[in-house]
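All chains are named by letter (A, B, ...) in the order of the sequence lines, taking the proteins before the strands, and each is independently numbered beginning at 1.
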There are 2 protein chains.
Amino acid sequence: MATTIEDVAREAGVSIATVSRYLNGPDGIVAEDTGDRVRAVVERLGYVPNSVARSLKTGRTRLIGVLLANIAHPYWSVVLSGVEEACQRAGYGAIVSSAADRADVENSYLRAFLRQRVDGILLNPATAAPSTVEAWARLTVPVVTIDRTLPGLPFGLVAMDNALGTRLGVEHLLGLGHRRIGFVSWRPDGLSNREERLAGYQDALADAGVEADGELIRFAADGWSDGVDQTLALLAERDPPSAIVSASSMLNLQVLAAVKRRGLRVPDDVSVVGYDDSPWDPLLDPPLTTVATPAKGLGWAAAERLIRAIEGDHPDDAGEVRLVPELVVRHSTSARRRGGILPPSP
Amino acid sequence: MATTIEDVAREAGVSIATVSRYLNGPDGIVAEDTGDRVRAVVERLGYVPNSVARSLKTGRTRLIGVLLANIAHPYWSVVLSGVEEACQRAGYGAIVSSAADRADVENSYLRAFLRQRVDGILLNPATAAPSTVEAWARLTVPVVTIDRTLPGLPFGLVAMDNALGTRLGVEHLLGLGHRRIGFVSWRPDGLSNREERLAGYQDALADAGVEADGELIRFAADGWSDGVDQTLALLAERDPPSAIVSASSMLNLQVLAAVKRRGLRVPDDVSVVGYDDSPWDPLLDPPLTTVATPAKGLGWAAAERLIRAIEGDHPDDAGEVRLVPELVVRHSTSARRRGGILPPSP
DNA sequence: TTGTAGGCGTTATCAA
DNA sequence: TTGATAACGCCTACAA
């Protein structure tokens with residue numbers, strides 16, 4: 001067994017209360033020479049306080065649970081770096097897990113977190129299944145949803161202003177003279193982020209008096225390939241778009257690849273606006289015009305907020321915090337050419 | 001306070017020992033009707049066992065610490081998905097943290113893990129600082145290093161066969177007739193993965209009897225931009241390479257971007273072999289020939305091994321497990337053209 | 001300024 | 001088959 005506070009107390013010739021006070025109390029709560037003796041013994045024995053015992057006593061673990069829909073998406077590595085930073089500053093640890101996009105896995109992790117007595121949970125919901133809402137609704141630990149939520153979840157949300165994000169892309173293209181603007185996104189599934197990005201696209205067009213055309217909207221299945229097919233289908237229409245807005249960092253490359261595979265040039269034949277401004281977006285060919293979403297800031301803000309809720313200051317329990325995306329103009333967009341897309345080369 | 005085992009016992013009219021047995025013991029350790037009563041009460045009260053108390057008693061937390069050098073690298077999101085999967089299967093949770101490439105942060109997380117009484121640690125060392133080795137060397141918890149290690153760390157390692165990885169790239173290019181093959185990697189820092197990838201490149205050339213030329217080796221500073229500059233410098237040499245091997249997924253795009261910025265075509269003017277086969281590599285322009293490294297498998301194998309060590313079967317405590325990379329040939333490499341690189345267009 | 005002792009919620013030993 | 005009870009390691013009144 002590891003050395004305990006009792007070992008330290010015995011060796012130092014004091015009581016465990018004194019050791020505990022020296023370790024946790026404010027400066028000067030133990031006499032200076034007593035403290036010196038304790039410190040020496042702690043050092044010599046390599047004593048490491050057992051926070052399991054501490055948690056049992058205090059009822060707090062200084063652990064938060066982070067439940068991601070799917071951690072394999074590269075976007076989350078950056079978000080997590082923000083979560084880590086906020087946790088580290090506040091002295092919390094993060095148990096992170098990934099639901100692999102399945103509601104049942106999500107549920108089982110939720111139960112695990114409850115058993116672990118985490119002080120709070122950061123939730124990126126995996127699905128819009130009703131069971132999800134039901135299971136989470138009557139929780140007592142603080143929960144903050146991150147990046148997206150779904151109807152009925154009574155938690156605070158920290159997310160991007162998704163509607164503004166796609167709107168920025170559309171308005172940029174409108175300003176360049178584009179009127180037929182395609183939209184490639186994930187298939188809507190009841191989760192807020194997808195719905196909002198679609199709405200931002202549609203509203204921006206409507207506000208500009210541009211006629212909506214459902215044919216210009218394509219939904220891809222999750223993953224790294226269907227976005228290519230959907231974009232190809234979009235480009236193969238009778239009246240194809242002169243510009244495309246991608247609604248996700250994973251789709252950016254798929255849209256670009258499809259345009260090129262079709263033998264078209266970006267931006268000369270088709271302008272492309274990406275999403276998220278991943279670190280590699282400036283390195284693409286051409287450097288991608290993108291809606292920048294501060295991924296690290298998202299993680300940081302969400303963790304910060306959760307920790308505040310845990311520590312008792314809940315200014316706006318179920319309110320939303322929306323981070324503001326910004327358009328970064330690079331070289332994948334240009335003024336609309338007359339004449340539209342040429343037929344594919346044979 | 002949450003409901004405890006005592007509440008359940010009282011409501012069910014049994015002792016807490018019986019409740020505990022019903023919950024943890026093998027089937028049939030309590031009489032069927034007793035069990036039914038307990039189950040009903042557990043359900044009604046929404047009792048969730050407190051694993052903090054359980055851990056205090058048993059001395060095991062079923063938690064592992066995952067200490068990454070820098071989680072912000074997108075590669076790790078995929079690795080972590082493998083770690084998660086292994087943990088989930090075995091009923092463990094993973095506290096993940098990121099050292100932001102700093103030895104002091106790494107050390108403070110190590111202490112935090114020790115306080116938390118994690119059952120084991122998965123370590124991706126941040127630096128080759130001597131303090132690192134010293135701090136870790138006399139640990140008692142099981143530790144498995146992942147992806148890389150450094151001299152003096154007495155732990156098992158689960159990593160790619162890095163030398164084979166770059167060798168595969170070089171041999172592929174040699175087979176295509178290339179002789180002047182450039183190498184763009186991270187600046188060596190004493191960590192095994194970087195050293196090994198360099199050695200693999202050098203050995204493959206030596207084995208083929210190709211003269212080594214230090215000018216063909218360029219080291220980039222961490223991040224998303226210096227790799228571009230280093231590649232540009234490489235291409236600006238008097239006798240530039242006809243092919244380049246990139247030693248990291250983060251450098252793939254930087255190398256590609258630099259070649260294009262120089263006005264050269266891939267693979268017609270310069271062949272490029274990438275590293276890691278990220279999910280987006282097939283979508284690049286041109287689709288990247290890459291050394292595929294099973295990132296998810298890496299995470300899975302490392303976590304699996306750590307869990308085995310925790311549970312007491314340590315077949316090969318400090319040995320290495322090397323995952324085998326494979327070359328995926330796409331369209332960024334081609335036979336060497338005669339005449340070499342043209343001068344840059346004005 | 002320091003010490004004593006009770007209790008946090010479990011598990012597991014020993015009896016019954 | 002079940003129940004009492006002693007730890008596990010720490011924090012924190014309350015006493016001294």
A.B. asks: Grab the CG-C1' distance between A:Asp7 and D:dC10 for me, whole Å please.
C.D. replies: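 Taking CG of A:Asp7 and C1' of D:dC10, I get 13 Å after rounding.
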A.B. asks: Write out all pairs satisfying side chain to side chain donor-acceptor pair (under 3.5 Å) with one or both partners inside residues 9-23 of chain A, taking only residues at least two apart or from two chains.
C.D. replies: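 Only A:Asp7-A:Arg10, A:Glu11-A:Arg44, A:Ser15-A:Thr18, A:Ser20-A:Asn24, A:Tyr22-A:Arg39 qualify under side chain to side chain donor-acceptor pair (under 3.5 Å).
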A.B. asks: May I ask you to say what B:Val52 touches in the nucleic acid, namely base, sugar-phosphate or nothing, with a heavy-atom cut-off under 4.0 Å?
C.D. replies: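 No contact at all - B:Val52 keeps every heavy atom at 4.0 Å or more from the nucleic acid.
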A.B. asks: Give me the atom names and distance for the closest heavy-atom approach of B:Ile71 to B:Trp76.
C.D. replies: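 That would be O-CB, 4.2 Å.
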A.B. asks: Just checking B:Asp27: does its CG atom have more than 12 heavy atoms from other residues, nucleotides or ligands closer to it than 6.0 angstrom?
C.D. replies: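 Counting other residues, nucleotides and ligands, CG of B:Asp27 stays at 12 neighbours or fewer.
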A.B. asks: Whole-Å distance between D:dG9 C1' and A:Arg10 CZ?
C.D. replies: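 Going from A:Arg10 (CZ) to D:dG9 (C1'), I get 13 Å.
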A.B. asks: Answer yes or no: does a side-chain N or O of B:Thr18 lie under 4.0 Å from OP1 or OP2 of D:dT2?
C.D. replies: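 Checking B:Thr18 against D:dT2: no side-chain N or O falls below 4.0 Å of OP1 or OP2.
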A.B. asks: Would B:Arg89 and B:Glu85 satisfy salt bridge (Lys or Arg N to Asp or Glu O under 4.0 Å), going step by step from the backbone distance to the final call?
C.D. replies: CA-CA 6 Å; B:Arg89 257 176 45 120; B:Glu85 203 171 292; over 6 Å; no
A.B. asks: My understanding is that only residues two or more places apart in sequence, or in another chain, count here; which of them pass side chain to side chain contact (heavy atoms under 4.5 Å, CB included) with B:Ala99?
C.D. replies: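 For B:Ala99 the side chain to side chain contact (heavy atoms under 4.5 Å, CB included) partners, ignoring immediate neighbours, are B:Leu67, B:Val105, B:Glu106, B:Ala126.
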A.B. asks: Give A:Ser51 one of three labels, base, sugar-phosphate or nothing, depending on what nucleic acid heavy atoms sit under 4.0 Å from its own.
C.D. replies: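 The answer is nothing, as A:Ser51 stays clear of every strand by at least 4.0 Å.
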A.B. asks: Do B:Phe113 and B:Leu139 come close enough that some side-chain heavy atom pair is under 4.5 Å?
C.D. replies: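 No; the side chains remain at least 4.5 Å from each other.
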A.B. asks: So that I can compare with my own list, what are the stems of DNA chain C, taken as at least three consecutive Watson-Crick or G-U pairs with distances under 3.5 Å?
C.D. replies: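 Stems found: C:1-16 with D:1-16.
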A.B. asks: With A:Val118, which of A:Ile95, A:Ile310, A:Ile64 fulfils side-chain contact (heavy atoms from CB on, under 4.5 Å)?
C.D. replies: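 Result for side-chain contact (heavy atoms from CB on, under 4.5 Å) with A:Val118: A:Ile95.
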A.B. asks: Send over the distance from A:Asp27 CG to C:dT1 P, rounded to a whole Å.
C.D. replies: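 Computing the A:Asp27:CG to C:dT1:P distance gives 13 Å.
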A.B. asks: I want to check one thing: is the phosphate of D:dA4, taken as OP1 and OP2, less than 4.0 Å away from some side-chain N or O of B:Ser15?
C.D. replies: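 False: B:Ser15 side-chain N/O out of range (4.0 Å or more) of D:dA4 OP1/OP2.
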A.B. asks: Is there any side chain to side chain donor-acceptor pair (under 3.5 Å) pair reaching into residues 118-136 of chain B, and which pairs are they, with sequence neighbours excluded?
C.D. replies: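 Those involving residues 118-136 of chain B are B:Thr61-B:Asp119.
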A.B. asks: Please tell me which of B:Leu56 and B:Asp33 maps to the more 5' nucleotide of DNA chain D, matching each residue to the nucleotide holding its nearest heavy atom.
C.D. replies: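 Residue closer to the 5' terminus by nearest nucleotide: B:Asp33.
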A.B. asks: Kindly write out the residues that satisfy salt bridge (charged side-chain N to carboxylate O under 4.0 Å, His left out) with B:Arg117, not counting sequence neighbours, or none if the list is empty.
C.D. replies: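 Residues passing salt bridge (charged side-chain N to carboxylate O under 4.0 Å, His left out) with B:Arg117: none at all.
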A.B. asks: Between P on C:dG9 and CG on B:Leu45, what's the gap in Å once rounded to a whole number?
C.D. replies: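 B:Leu45 atom CG is separated from C:dG9 atom P by 14 Å.
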A.B. asks: For A:Ile29 and D:dT12, give me the distance from atom CD1 to atom C1', rounded to whole Å.
C.D. replies: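 Value for this atom pair: 11 Å.
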A.B. asks: Indicate for each nucleotide in nucleotides 10-16 of chain C, in 5' to 3' sequence, whether protein heavy atoms under 4.0 Å reach the base (B), only the sugar-phosphate (S), or nothing (-).
C.D. replies: BBB----
